[in-house]
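In what follows, every chain begins at residue 1, and chains take the letters A, B, ... in the order their sequences are listed. Predicted model, so just to flag it, every value in this text is computed and none were measured.
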Amino acid sequence: MDLLAIFHRLLAEFGPQGWWPLTAHSGSNPTKRGSHSGYHPGDYSFPKTQEEQFEIAVGAVLTQNTAWTNVEMALRNLADAKALHNPKSLLNLPKDQLQKAIRPAGYFNQKSEYLHALATFFTTCNEPPTRQKLLDVRGIGEETADAILLYAFSVPTFVIDAYTKRFLLHRGILSGNEPYKIVQQLFHDSLPHNTVLFQEFHALLVELGKRYYSKKPYGDHIDWDKKDGENYRFG
DNA sequence: AACCAGGACGTGA
DNA sequence: TCACGTCATGGT
C-alpha cells in the first residue's frame, strides 16, 4: 500500500480536516466543525490575508511540542493584546507582556524569543520565503519551516512530524529514526506535488496520530485493505 | 501523579 | 553527524 492509497483511506475515514486552524479575529469565516472553532474543512481558500499568514506562522512556532488547545489560549491572548495582526504589532508588545500572553503554550522564555525573531523576519519578507531563509530564523527548524511554507504560503512542501514518523515506523515503512529529509523525500517522491493534497495528508496524519499513536502500545483501527471509491481528486 | 503534546537548540562525543 | 538533556504549561 503506497502513500497515496494511505491518503485516500485516511480521507475516507476521517474526512477533510480543514487545516490550518485560524482564530476568528482575523476576519475569516471559519465553520464550526472539528474539535476547535478555527477549522474550515473543505475550504482551501486560506489564508486570505497577510494577517492570516502571520497568525499561521505564529501558531506554527507556538505549537512546537505543545497541544493545540494550549496554543489557542496563547493566540487568543495575543489577539486580545492586539499583537497578532501583523509583525509590527507583535514587536510593539513589551517582552514581559508577550511572555504573559503566550505562557499557556509553554516554553515561554524560548518562544518569546522565537516569536520576536519570526516577527522581525516577517517585516522583511516578500511573499514566499525560501526554506533556507526560514531555517536561518531562530526557533524555526525543519518542521516549522515546512509548516509555514505549506500552510501560510501554499508551497507544496510536506510536513513531517512525530506522529507521521511513529505511524510509518509502526507500518514498517521506516526502519528506525531516519532523518527528517529522508522521510520527507519519501512523500515528495511518491505523491503529486499538490498543496491541497499535502495539507490534507499531513492534517490527516496528525488526526490519526492523536487517535492511535499517542500512547503505547501504538496501533490503529483502520482497515488498510479496504478500498474506497476515488471520490476525492487532488493533484 | 505521571505522562503527553502538531520541536528546536546547545552540548559533547 | 548524532544522541541526549533542556525548556513549561495544561489536559488526562
Could you say whether Y114(A) or T63(A) is positioned toward the 5' end of DNA chain B, judged by the nucleotide with the nearest heavy atom to each?
T63(A)
Please confirm whether the shortest side-chain N or O distance from N109(A) to OP1 or OP2 of dA8(C) is below 4.0 Å.
yes
Please tell me whether E72(A) and T23(A) have a donor and an acceptor in their side chains that are separated by less than 3.5 angstrom.
no
Does a side-chain N or O from T66(A) land closer than 4.0 Å to OP1 or OP2 of dA8(C), or not?
no
Value in whole Å for how far the C1' atom of dC9(B) lies from CG of N65(A):
13 Å
OP1 or OP2 of dC7(C) less than 4.0 angstrom from a side-chain nitrogen or oxygen of R103(A), does that happen here?
no
Strictly below 4.0 Å: does R138(A) bring a side-chain N or O up to OP1 or OP2 of dG10(B)?
yes
K210(A) NZ - dT12(C) P separation (whole Å):
12 Å
Verify the contact: side-chain N or O of Y163(A) to OP1 or OP2 of dA5(B), cut-off strictly under 4.0 Å; return yes or no.
yes
Polar side chain donor-acceptor pair, Q64(A) to Y114(A), under 3.5 angstrom
no
Take atom NZ of K100(A) and atom C1' of dT9(C), then tell me their distance rounded to the nearest Å.
16 Å
Say whether D136(A) and Q132(A), considering side chains only, have a donor N or O and an acceptor N or O under 3.5 Å apart.
yes
Do D161(A) and T164(A) have side-chain atoms, one donor and one acceptor, less than 3.5 Å apart?
yes
When the distance from NZ of K111(A) to C1' of dT9(C) is rounded to whole Å, what number comes out?
9 Å
Using a heavy-atom cut-off of 4.0 Å across all strands, would you classify L205(A) as base, sugar-phosphate, or nothing?
nothing
